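Taking it in order: structure first as structure tokens, then the write-up.
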Number of protein chains: 2
Amino acid sequence: MTSPTLSDVARAAGVSYATADRVINNRGNVAEKSIAKVREAVTSLGYVRNVAAANLSRGRIYRLAFLIPRGSNAFFNRIRQHIDHAAAHQASERVTAEVIEVAAFAVEGLQDSILALLERDFDGVAIVGLQSAALEAPLAELRAKGVAVVGLVSDLPHAARAAYIGIDNIAAGRTAGRMVGLAHGGQGGKVQTFAGSLNARDHAERLAGFREVLSADFPQITVLDPIMTKDEAQVLQAQMQKVLSQQGLTAIYNVGAGNSGLIAALDGDQGTRPFCVVHELVAHSRQALMARQIDLVIDQRPDVEINRAFTVLRALIDAKDLPPMPDLVPTVYVRDNLPADTLTDKMKAQDT
Amino acid sequence: MTSPTLSDVARAAGVSYATADRVINNRGNVAEKSIAKVREAVTSLGYVRNVAAANLSRGRIYRLAFLIPRGSNAFFNRIRQHIDHAAAHQASERVTAEVIEVAAFAVEGLQDSILALLERDFDGVAIVGLQSAALEAPLAELRAKGVAVVGLVSDLPHAARAAYIGIDNIAAGRTAGRMVGLAHGGQGGKVQTFAGSLNARDHAERLAGFREVLSADFPQITVLDPIMTKDEAQVLQAQMQKVLSQQGLTAIYNVGAGNSGLIAALDGDQGTRPFCVVHELVAHSRQALMARQIDLVIDQRPDVEINRAFTVLRALIDAKDLPPMPDLVPTVYVRDNLPADTLTDKMKAQDT
DNA sequence: AAGAAAATGATATACGTCTATCAAAAATGA
DNA sequence: TCATTTTTGATAGACGTATATCATTTTCTT
């Protein structure tokens with residue numbers, strides 16, 4: 001009933017433990033036919049290496065780092081929270097995670113931080129990235145040292161990372177577009193869009209996806225060019241106030257941050273307001289959903305992303321394949337399917 | 001840099017390893033002041049038990065069982081798939097999972113299967129349950145044996161399980177209602193609902209949530225009484241054909257299964273069709289979304305549920321608290337935010 | 001066939017914890 | 001104070017794997 005050990009495999013294969021070990025850990029200097037015998041015994045016995053024992057023996061620890069933009073952005077605060085939370089729970093599995101704050105959206109700052117990582121002994125790093133060739137060299141050095149590198153939320157140069165963990169922003173924009181289209185119930189309309197900056201790749205992608213769907217499937221709806229906000233709440237609030245006075249505006253879509261300003265602008269105007277879609281479920285967007293000030297939130301599930309980052313990094317470090325994980329898709333929230341508020345009762349168990 | 005061991009704790013506390021061990025594992029026969037000294041050393045050193053070593057030493061294995069309704073239902077096929085997949089990946093952590101098929105929706109069958117579990121040595125069991133007092137006694141026996149019991153997808157009697165892993169079906173129905181409401185764009189309409197049976201608690205709850213939202217927030221939309229389908233595709237197809245010929249039908253909502261019939265009925269009729277919402281993303285509902293035969297799928301993310309079931313059962317067995325996990329919420333799919341098709345490329349890695 | 005090279009076997013130690021045993025020391029009761 | 005109970009210390013083996021060393025056997029060269 002108990003699972004076979006490597007000694008069992010060795011015995012079944014008719015070789016010594018040492019040889020079986022040489023095969024399992026590719027130490028070389030083994031005859032082909034011994035390799036074959038051991039492989040055969042492995043499959044016939046259904047041997048799987050006991051990872052607990054292996055890690056114990058190796059004294060393996062996983063030292064992870066997360067490079068996250070500095071600042072008080074609600075979304076990244078949530079990300080930081082999830083990292084700390086996940087790290088606390090994996091401490092018993094010898095996983096440590098350090099959050100390193102980086103100047104937001106500055107290539108040089110990020111570059112310096114990556115170079116600084118070289119001095120430290122990390123096994124894996126998750127980076128909220130930028131698409132800049134300037135990052136390729138330092139990342140290559142990092143990977144040459146054997147550090148696993150993944151992009152988080154915002155991708156790194158493709159060749160410079162082993163995986164990207166984040167949603168497809170075109171799909172996110174398309175989803176928003178679909179929802180805005182549906183909400184017009186076949187009627188025409190006019191949508192005002194907002195973005196932080198079109199240099200931010202995720203913003204540009206969301207907007208493109210949004211336009212794609214509306215022009216293809218809802219041609220009777222006009223999409224106005226985005227108003228740039230630098231993701232600042234004040235800018236959004238001021239612009240919103242102007243925009244709301246326009247006639248015939250049927251919907252609003254903000255691909256970026258700064259939603260507290262957007263919501264503040266809506267707070268006054270209590271007549272019929274346009275259909276409002278924003279990104280990221282945080283305290284104020286959640287509250288605005290409940291208060292019916294906005295209609296829809298498209299969320300990237302940072303909790304899922306962080307879990308996935310830990311899992312992927314560990315798998316990369318162990319060079320094994322990935323365990324099953326939920327797929328990352330843009331999630332649609334309305335006021336009726338909100339998750340429990342993890343800020344107020346973070347550690348809430350699911351049990352009775 | 002390396003984390004402290006129990007020997008370190010003992011040394012710091014000025015007691016022997018044996019005493020430290022007695023405290024850590026509550027073996028009793030320890031003086032209060034020794035307990036205090038050890039506890040203090042634990043917190044000051046930040047000691048956390050190395051679970052890998054502990055499990056290795058104990059020879060711990062997690063024998064899990066899943067009681068799933070028998071039959072060819074696409075949703076439960078997906079569930080079974082996810083269980084097998086997750087089990088395969090946890091084999092290296094000494095987790096075994098056995099899927100036990102049970103007569104679908106029959107209290108006596110389920111009762112017998114639970115009694116049969118008593119003869120086997122399982123550590124944890126996840127059961128797709130029914131709300132029946134007849135299950136309470138056998139489940140109590142099971143739990144008395146020290147077996148962790150959780151309800152999966154459909155809850156068990158509240159007192160008879162340690163946790164429920166599944167979505168809130170009222171929220172799912174409310175979400176569907178919200179979407180149908182929004183899709184009317186302020187206009188009136190008439191919605192035809194379908195259900196397998198109102199004795200199935202999840203169906204009744206979804207319908208109730210659906211009605212709640214529409215009557216409260218979209219009173220200009222009429223919700224017609226559900227047509228009962230026993231979740232059979234043929235029945236759905238026949239009834240749909242009748243219903244589609246009616247005038248003024250603006251939306252359709254099926255809270256239950258059998259959607260292949262619903263879709264087949266829509267296939268002929270290529271004019272303007274009502275807004276269609278169904279539950280559970282499976283091969284045919286996915287295809288129908290892509291083919292624009294239906295508009296929305298509300299999914300309970302069985303992959304997430306299964307992951308969660310494994311995690312919760314292990315935590316219950318180890319009597320430790322729960323690691324961070326994504327919340328379970330009804331997920332809204334449109335044709336733009338579908339996950340990668342896990343049936344065709346199941347093991348697909350996320351990396352480049 | 002002799003010598004070199006490659007492959008194999010036997011074995012020991014370590015990882016951190018659990019579990020058990022036995023002897024020794026300290027606290028308690030009368 | 002002596003006997004009893006409670007508490008403590010010391011230590012050893014086991015879990016399954018990783019890693020290393022050294023001696024021995026097999027295979028290859030020419």
Side-chain angles (χ1 to χ4, degrees), chain A residues 1-39 41-42 45-62 90-96 317-320, chain B residues 1-39 41-42 45-62 90-96 317-320:
Chain A
M1 209 57 245
T2 160
S3 26
T5 73
L6 191 49
S7 300
D8 297 329
V9 170
R11 199 173 319 116
V15 301
S16 72
Y17 176 90
T19 297
D21 170 72
R22 287 181 181 109
V23 174
I24 292 293
N25 293 305
N26 316 298
R27 297 188 203 278
N29 288 330
V30 190
E32 285 300 336
K33 60 170 193 173
S34 296
I35 297 183
K37 281 193 292 182
V38 172
R39 290 265 156 77
V42 165
L45 292 184
Y47 170 78
V48 271
R49 168 202 254 116
N50 182 329
V51 183
N55 285 352
L56 173 59
S57 173
R58 284 208 181 99
R60 200 195 217 321
I61 53 176
Y62 303 84
Q90 305 203 33
S92 60
E93 287 152 56
R94 266 43 188 172
V95 176
T96 64
I317 292 169
D318 290 340
K320 67 176 185 188
Chain B
M1 208 59 241
T2 159
S3 29
T5 72
L6 192 49
S7 300
D8 297 329
V9 170
R11 198 172 323 116
V15 300
S16 70
Y17 177 89
T19 299
D21 170 72
R22 288 180 182 110
V23 174
I24 293 293
N25 293 305
N26 316 298
R27 299 189 202 277
N29 287 329
V30 190
E32 284 299 339
K33 61 172 190 167
S34 296
I35 296 183
K37 280 193 292 182
V38 172
R39 291 262 155 76
V42 164
L45 292 185
Y47 169 78
V48 272
R49 166 202 256 116
N50 182 330
V51 183
N55 285 351
L56 174 59
S57 172
R58 284 206 181 99
R60 188 175 232 337
I61 52 175
Y62 302 84
Q90 305 204 31
S92 59
E93 288 153 55
R94 268 42 191 170
V95 176
T96 64
I317 292 168
D318 290 339
K320 69 176 185 190

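The structure presented is a predicted model; accordingly, all values stated were derived computationally and were not measured. In what follows, chains are A, B, ... by sequence order, proteins preceding strands, each numbered from 1. Only this structure's heavy atoms are used, side chains among them; waters, hydrogens and symmetry mates stay out.
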> If you pin A/Asn55 and B/Val15 to their nearest nucleotides in DNA chain D, which one's is more 5'?
Replying inline: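 The residue whose closest nucleotide sits nearer the 5' end is B/Val15.
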Pairs where residues 22-36 of chain B contributes a residue and the test salt bridge (Lys or Arg N to Asp or Glu O under 4.0 Å) is met, not counting sequence neighbours
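Checked against salt bridge (Lys or Arg N to Asp or Glu O under 4.0 Å) - neighbours excluded - the pairs reaching residues 22-36 of chain B are B/Asp21-B/Arg27.
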| task | List in chain and number order the residues that pass side-chain hydrogen bond (donor to acceptor under 3.5 Å, both in side chains) with A/Arg49, two or more places apart in sequence or in another chain; answer none if no residue qualifies. | result |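 Only A/Asn25 meet the side-chain hydrogen bond (donor to acceptor under 3.5 Å, both in side chains) criterion with A/Arg49.
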| Could you give the distance from CG (B/Asn50) to CG (A/Asn55), rounded to the nearest 0.5 Å? |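 That separation rounds to 9.0 Å.
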Report the residues that fulfil side-chain contact (heavy atoms from CB on, under 4.5 Å) with [X], sequence neighbours left out, ordered by chain and then residue number.
X: A/Asp318; value: A/Arg60, A/Tyr62, A/Lys320
X: B/Val48; value: A/Arg94
X: B/Arg39; value: B/Val23, B/Asn26, B/Ile35
X: A/Thr5; value: A/Ser7, A/Asp8

What is the first contacted nucleotide of DNA chain C and what is the last, in 5' to 3' order, if contact means an atom lying under 4.0 angstrom from a heavy atom of chain B?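 Boundary nucleotides touching chain B, in 5' to 3' order, are C/dG16 to C/dT19.
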Shortest non-hydrogen contact from [X] to [Y]?
X: B/Ser34; Y: B/Thr19; answer: CB-CG2, 4.3 Å
X: B/Ala41; Y: B/Ala12; answer: CB-CB, 4.1 Å
X: B/Leu6; Y: B/Tyr47; answer: N-CE1, 3.5 Å
X: B/Ala20; Y: B/Val15; answer: N-CG2, 4.1 Å

**Asked** Hey, where does DNA chain C pair up into stems, meaning at least three consecutive Watson-Crick or G-U pairs with distances under 3.5 Å?
**Response**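 Ordered by first number, the stems with DNA chain C (at least 3 consecutive pairs each) read C:1-30 with D:1-30.
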| request: Return the residues of residues 20-35 of chain A meeting this criterion: a heavy atom under 4.0 Å from some atom of DNA chain C. Order them by number, or give none. | output: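 Result for residues 20-35 of chain A: A/Arg22, A/Asn29, A/Val30, A/Ala31, A/Ser34, sorted by number.
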Notebook entry, point to check: Under a 4.0 Å heavy-atom cut-off, which of residues 46-54 of chain B touch DNA chain C?
Noted result: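 The stretch gives B/Tyr47, B/Arg49, B/Asn50, B/Ala53, B/Ala54 as the residues lying under 4.0 Å from the strand, ordered by number.
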Exercise for the section: Show the numbers, then the answer: is there a side-chain contact (heavy atoms from CB on, under 4.5 Å) between B/Thr96 and B/Ile61? Expected result: CA-CA 8 Å; B/Thr96 64; B/Ile61 52 175; over 6 Å; no
Query - Covered region of DNA chain D, 5' end to 3' end, by chain A [heavy atoms, under 4.0 Å] - result: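 Boundary nucleotides touching chain A, in 5' to 3' order, are D/dG16 to D/dT19.
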